[in-house]
Amino acid sequence: DAGVIQSPRHEVTEMGQEVTLRCKPISGHDYLFWYRQTMMRGLELLIYFNNNVPIDDSGMPEDRFSAKMPNASFSTLKIQPSEPRDSAVYFCASSPPGQGTATQYFGPGTRLTVL
Amino acid sequence: GIQVEQSPPDLILQEGANSTLRCNFSDSVNNLQWFHQNPWGQLINLFYIPSGTKQNGRLSATTVATERYSLLYISSSQTTDSGVYFCAGPWRNNRLAFGKGNQVVVIP
């Protein structure tokens, strides 16, 4: 199995631009999580999906952030407009049926820098 | 929300040494996990350990749920053990609350 795939691995953009991060979960997994990691706040859960349906988006910082999961093999996290304080590493993780948060497999992350 | 405290925050080990990392929770947990983030940023799930003891090679973990803590043991440390170790416990719904991590550096 290829594991969780994220793209791009690195993204540098200017303030005000739209940023789209992509994630392909492990085949057969029905939970998908988006996390953000910063030095100040550590690892934070932004949103998670179960069977492509958003279950809890209370961690999404503000309306500039949105996430979608149009099918079981693809999810996007979009920031529009981006701000310097959005600079962080964004991780996607997935877990198998029946596991919920019990066993999460993380992708390599996307390092976002907003200038 | 649940508070997760990890200690020590930083640890430098000579290769071959043993160490213990600790994770305390402010509330009872039933789904505690340990992760390792290597120096390249990759996060790996080490243990899912709601209670009791589990071992995986040189690593083992013990959770005492009634006392709200978990321990991660690293024996005969190797340079590849370097990185940050996170513990995490469930909050509401399926959310995980992460500690700030234990930064471990193993020197040859």
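Naming convention: chains lettered A, B, ... in sequence-line order (proteins, then strands); numbering from 1 in each chain.
No chain of hydrophobic side-chain contacts below 4.5 Å, direct or via other Ile, Leu, Val, Met, Phe, Trp or Tyr residues, connects Phe49(A) to Tyr31(A). Residues Val84(B) and Leu45(A) fall within the same hydrophobic cluster, defined by Ile, Leu, Val, Met, Phe, Trp and Tyr side chains chained together at heavy-atom separations under 4.5 Å.
Going from atom CG of Leu43(B) over to atom OH of Tyr35(A) covers 9.5 Å, rounded to the nearest 0.5 Å. The CD atom of Glu44(A) sits 11.0 Å away from atom CZ of Phe98(B), with the distance rounded to the nearest 0.5 Å.
A heavy-atom distance below 4.5 Å is found between the side chains of Phe86(B) and Gln37(A). Side-chain atoms of Gln37(B) and Phe91(A), non-hydrogen and from C-beta on, do get closer than 4.5 Å to each other.
Environment of CZ in Arg111(A): sparse, with no more than 12 heavy atoms of neighbouring residues, nucleotides or ligands closer than 6.0 Å. At most 12 heavy atoms of other shown residues, nucleotides or ligands fall within 6.0 angstrom of atom CD1 in Ile12(B). More than 12 heavy-atom neighbours from other residues, nucleotides or ligands sit within 6.0 angstrom of CD on Gln55(B).
Only the backbone of Met40(A) comes within less than 4.5 Å of a heavy atom in chain B; its side chain stays farther off.
At distances below 3.5 Å, at least one donor-acceptor pair connects side-chain atoms of Gln42(B) with backbone N or O atoms of Phe106(A).
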